[in-house]
Amino acid sequence: MKHRQRTQQGPPKVLPLKRKLRTAMTPAEQLLWNKLRSKQCDSLKFRRQHAIGPFIVDFYCPEQLLVVEIDGDVHAEETKITKDRQRERYLRSLDLQIIRYTNYEVLNNLDGVLEHLLGVLSSDSTSPHPSLQRRGN
């Protein structure tokens, strides 16, 4: 198990934004949250729309120092790619691991996403997944 490190919480001014993001979750975020909430994933606690420093991450598992991001089409735009890189540098500077899935992967291959996530949680590896195998219906 990883050494638990307390990450710096976001400033209080982000609380209204966190609340807004929680009520306006994308369908992919809602679908994955239904599988992560209440310690359903490997008995680990996940937080949704969690502030870490100046950023709000989609999902955070403090016990594993793991951030899970669900990316929509907007993340393919050049300006968003640059911001994502800055964000990742900051999060990695806190010794956090980051896993990214696309909306498409979550919506069309939830079983494969969960299998990959469980593999990462058990192996402490966040190497990029070249292609998740389609599972289930």
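Rounded to the nearest 0.5 Å, atoms CD (Q86) and CZ (F55) are 7.0 Å apart. Taking CG from L91 and CG from L65, the interatomic distance works out to 11.5 Å, rounded to the nearest 0.5 Å. The CD1 atom of I52 lies 7.5 Å from the CG atom of L94; values are rounded to the nearest 0.5 Å. Note that CG of L96 is 8.5 Å distant from CG of L66, once rounded to the nearest 0.5 Å.
Contact detail for S122 and G119: the closest heavy-atom pair is OG-O, 3.1 Å. Heavy atoms only, all atoms of each residue included: A28 and I70 are closest at CB-CG2, 3.9 Å. Here the closest non-hydrogen pair linking V106 and Y101 is CG2-CB, 4.1 Å. The two residues F59 and E29 come nearest to each other via the heavy atoms CZ-O, 3.5 Å. Shown here for E105 and T102, the closest heavy-atom pair between the two residues is OE1-N, 2.8 Å.
By the 4.5 Å heavy-atom criterion applied to side chains, R37 and R48 are not counted as neighbours. No side-chain heavy atom of Q97 sits under 4.5 Å from any side-chain heavy atom of I99. Within the 4.5 Å cutoff, the side chain of W33 has heavy atoms near those of the L36 side chain. Looking only at side-chain heavy atoms (C-beta outward), L32 and L114 come within less than 4.5 Å of each other. V68 places none of its side-chain heavy atoms less than 4.5 Å from the side chain of Y60. Looking only at side-chain heavy atoms (C-beta outward), E115 and D111 stay at 4.5 Å or farther from each other.
Residues that satisfy the side chain to side chain contact (heavy atoms under 4.5 Å, CB included) test with L44, not counting sequence neighbours, are D42, F46, C61, E63, Q64, L121. With sequence neighbours excluded, the residues that form a side-chain hydrogen bond (donor to acceptor under 3.5 Å, both in side chains) with E88 are R92, R100.
Here the side chain of N34 pairs a donor or acceptor atom with the backbone of Q30 at under 3.5 angstrom. Side-chain atoms of R87 come within 3.5 Å of backbone atoms of I56 as a donor-acceptor pair (strictly under, hydrogens ignored).
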